[in-house]
There are 2 protein chains.
Amino acid sequence: MDPNVIPHVSVDCVVLGYNLENLAVLLIERRMIYQGQEYLDLKLPGDLVRWDEDIDAAAHRILQDLTGLRNVYLKQMQAFGEVNRLKREPRDLEWLRSIDHPEERVITIAYFALVNLDQIESPNYIPTTNARWVPVKDIPTLAFDHNRIIDKAMEMLRNEVKRNPLAFELLPKKFTLTQLQKLYEIILGTLFDKRNFRKKIAQISCVVPINEKQINVPHKPARYYMFSQDVYEVTRKDSFDFTV
Amino acid sequence: MDPNVIPHVSVDCVVLGYNLENLAVLLIERRMIYQGQEYLDLKLPGDLVRWDEDIDAAAHRILQDLTGLRNVYLKQMQAFGEVNRLKREPRDLEWLRSIDHPEERVITIAYFALVNLDQIESPNYIPTTNARWVPVKDIPTLAFDHNRIIDKAMEMLRNEVKRNPLAFELLPKKFTLTQLQKLYEIILGTLFDKRNFRKKIAQISCVVPINEKQINVPHKPARYYMFSQDVYEVTRKDSFDFTV
DNA sequence: TCAAAAGTGTTGGTATTACACCCATGT
DNA sequence: ACATGGGTGTAATACCAACACTTTTGA
């Protein structure tokens, strides 16, 4: 057991990525043999917190090790601290032993990160870390209590996206209004009227049209927009309002 | 050091009480002598988590030990895990030593509880636990990082009260509309128009008028209302809407 | 010329704001 | 009788929901 870590406190990250098509979560493959059978489970990326490291720093470290990204949107979600949270399946315990982890109690602090998959040239599967992007629609039963953590992350995303400019973290710097609308539709699970959506966006001053259009599209090219952090910071009264 | 606790994980509770006049926080007096001088600091109620106890259970235990109350509204807020969060003042460290606490790192999970002070016959100062109710307007500089935790709790209260029926946790079972309005005004720091406020409440079906009036008041007696959890559960679409 | 998505306005209904007076009670 | 807070309606405005056609491009 690594002496540099607090043995009972970990950080797990729900990293949500978007590629203009689907929302996906970054998961780690856990391969093991248990009672003669081979298992391939998926789990959230996470690690124990080091003694000399703030918990936020631990989350950033995990994220950077996995994706190579700094300056990602990252926010603490909440702690999960049930006594038996690591003991969903017998092989969960076996796995903890196999990585020289004390078969003990670990309280985890869940974080939630947003990345735009088109920005990073990340393959679907990253062999060095056994990490893969799994569409949120297709998430299977995961190790430990990690499904619950992801459910919580999705709930948080749905709530926060209505009051904070989170969506832009998932989009390229330049995006079209149709792309923005589709993202909101995917996150919130509702469809919006195109005209009303655009009216709504038009009154959000931090979403600014730029003088650039799509090229090489087989239809009328759409105008690109950007999110302006500067404008956002000076114009927000109390919060973003995106209760479409 | 108690062997029954996880030495690096604690729970701290921000217990907010309301007595139809003021919001107050329950704080614990910490008396100590440091470098020949006597200090009386205040801190949040909290304790280390036991090995065999869920973190939510730890929060309930702390709350019950302090107030004798079960079934209080209690919700996890977030974890505070900076390396030096317990070392605001030199005497903070000294105090940790004095209670046989390893001078080490403790990650705390903050909870937030709401109680109605008229329901519990709680005196302002509870000698057995050194606990006292301090109006939120008068909170001094506290031990450790506890001011930050309270600030976060107040922010959470302001956000949540707009979308969830939290206010009723702070009021007696039967309350008048003026009492409800005053509470919202205190929490949100704004004033509302009486007629518009009542129109808004009238369309929230889970706030129901009952056939009972104030007695012994030197003015027209006000009608009492109740919050109906049943009605709330079946009628809420997605969330309470209290964006007055 | 066709397919595909971009872009754009109007209307009816609903919700929000602002505002002032009479009522029921205890003293 | 008076002081105190309770209780009520309306009109002007802003916001929201529903709805269909023209435009620009590449193939």
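So that the names make sense, note that chain A is the first sequence line, chain B the second, and so on, each numbered from 1.
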Each nucleotide of nucleotides 5-12 of chain C classed B (base within 4.0 Å of a protein heavy atom), S (only sugar-phosphate) or -, in 5' to 3' order, makes BBBBBB--
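The nearest whole Å value for the distance from the CZ atom in B:Phe192 to the P atom in D:dG6 is 17 Å. Rounded to a whole Å, the CD1 atom of B:Ile201 is 16 Å from the C1' atom of D:dG6. To the nearest angstrom, C1' of D:dG6 lies 17 Å from CD1 of B:Ile215.
For B:Lys75, the side-chain hydrogen bond (donor to acceptor under 3.5 Å, both in side chains) partners at least two apart in sequence or on another chain are B:Glu160. By the side-chain hydrogen bond (donor to acceptor under 3.5 Å, both in side chains) test, A:Thr108 is found to be paired with A:Ser10, A:Asp12, residues two or more places apart in sequence or in another chain being considered. Listed by chain and number, the residues in a ring pair (Phe, Tyr, Trp, His ring centres under 6.0 Å) with B:Phe227 are B:Phe168, B:Tyr232 (sequence neighbours excluded). Under the rule for a side-chain hydrogen bond (donor to acceptor under 3.5 Å, both in side chains), B:Glu155 has no partner lying at least two apart in sequence or in another chain. Applying the side-chain hydrogen bond (donor to acceptor under 3.5 Å, both in side chains) criterion to B:Asn147, with sequence neighbours excluded, gives no partner residue.
The nearest heavy atom of DNA chain D to A:Gln203 and to A:Pro218 marks one nucleotide each, and the one closer to the 5' end goes with A:Gln203.
Residues B:Asn130 and B:Arg31 have side chains that never bring a donor and an acceptor to within less than 3.5 angstrom of each other.
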